[in-house]
Amino acid sequence: MNCKTFSSLLSNLREKRPLVHHITNYVTVNDCANITLCIGAAPVMAHAHEEVAEMVSMAGALVLNIGTLDKSQIESMLIAGKRANQLNIPIILDPVGAGATRLRTECANRLLHDLKISVIKGNAGEIAILAGEEGIVKGVDSHGVKGDPLSIAKSLASSLGLTVAMSGATDIVTDGKKSIFIDNGHELMGKISGTGCMAASICGAFSSVTEDSVTSTAAALTAFGIAGEKAGVNNYAPFSFKTSLFDEVYKLSPEDLEKYARVRVI
């Protein structure tokens, strides 16, 4: 696959420095803010009912993450999401822990029903649950699915008319018609909390510079995966790796995306 489009998107987002509005969890909120800065965008974390509609009006993308959910936050997501839809601002949904509890599953489904979501980014278990298939989710971790992951991702994308990003050793991005496998990444990315949340932030940044959500999401996950591979070269333990991961995202060049991308169009 020719990845010049990926490199162009990275150049564009660093030139435009779009604002990415997050309504997210308190575990990884600082990591999400910093990874957004490192990729070249500008983060804002705002959840108060009184300001979310105003704040999202300035943004290039809205990232919703249900990792530490409560009723007030759900209302904030709906207010911000409806305003984003009015302004055609892309929404990235990270359905953290969907399938682990009824609250999370019902919230994710309500957001998908009441809002026009552009991209769902989740692990295999979360995506399977939302697709109505059998997935195993413990806490916020996936413990596998029954069935073919690509078929499940395509089924959900087709039924909802959006882009699905299923994370794993090989990431899958699909809109139900075009599917991309991404083999970039490093095993230590699964040993620190927040890499999934950070991936959603980067997806938000890329989505703000193109309307092609399959390409923007694939570019985002490829960029993050390459940075992970570079961070893993000289770091063998989670916390030194985490520090290096931020540095490598910051240093990542458009040329790196063309040179190191390992992607397959299915």
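Just so you know, residue 1 is the first one in the sequence shown, and it goes up from there.
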Short side-chain donor-acceptor distance under 3.5 Å, [Y] and [X]:
X: Asp175; Y: Thr163; answer: no
X: Asp247; Y: Ser244; answer: no
X: Glu15; Y: Asn12; answer: no

Any donor and acceptor pair, going by atom type alone, linking the side chain of [X] with main-chain N or O of [Y] inside 3.5 Å?
X: Arg264; Y: Asp183; answer: no
X: His49; Y: Ser72; answer: yes
X: Ser155; Y: Ser151; answer: no

Can you tell me if Glu75 has over 12 outside heavy atoms packed within less than 6.0 Å of its CD?
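For Glu75, atom CD is crowded (more than 12 foreign heavy atoms under 6.0 Å).
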Output a table of donor-acceptor pairs, distance under 3.5 Å, between side-chain atoms of residues 17-25 and any protein atom two or more places apart or on a different chain; print 'none' if there are none.
| from | atom 1 | to | atom 2 | distance (Å) |
| --- | --- | --- | --- | --- |
| His21 | NE2 | Ala46 | O | 3.0 |
| His22 | ND1 | Val20 | O | 3.1 |
| His22 | NE2 | Ser201 | OG | 2.8 |
| Asn25 | OD1 | Val27 | N | 2.8 |
| Asn25 | OD1 | Thr28 | N | 2.9 |
| Asn25 | OD1 | Thr28 | OG1 | 3.3 |
| Asn25 | ND2 | Thr28 | OG1 | 3.4 |
| Asn25 | ND2 | Asn65 | OD1 | 3.0 |

Verdict with supporting geometry, Asp256 and Lys251, salt bridge (Lys or Arg N to Asp or Glu O under 4.0 Å)
CA-CA 10 Å; Asp256 287 333; Lys251 293 190 295 183; over 6 Å; no
Could you report the tightest heavy-atom contact between Glu258 and Ser7, atom names first, then the distance?
OE2-OG, 3.0 Å
For the residue pair [X] and [Y], establish whether any side-chain heavy-atom pair is separated by less than 4.5 Å.
X: Met45; Y: Cys32; value: yes
X: Phe224; Y: Val249; value: yes
X: Thr105; Y: Ile129; value: yes

If Ile, Leu, Val, Met, Phe, Trp and Tyr residues are connected whenever their side-chain heavy atoms lie under 4.5 Å apart, and connections chain through other members, are Val29 and Met77 in the same group?
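No, it is not one cluster - the side chains of Val29 and Met77 are not joined through contacts under 4.5 Å.
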Find out if a path of hydrophobic residues (ILVMFWY) with successive side-chain heavy-atom gaps under 4.5 Å connects Leu37 to Ile202.
no
Ion pair [X]/[Y], N-O distance below 4.0 Å:
X: Asp114; Y: Lys82; value: no
X: Arg262; Y: Glu229; value: yes
X: Lys242; Y: Asp31; value: yes

Take Asn123 and Ser167 through the test side chain to side chain donor-acceptor pair (under 3.5 Å) and record every step on the way to the result.
CA-CA 5 Å; Asn123 61 39; Ser167 61; 5.9 Å; no
Donor-acceptor pairs under 3.5 Å, side chain of residues 87-96 to any protein atom, not counting sequence neighbours: which ones?
none

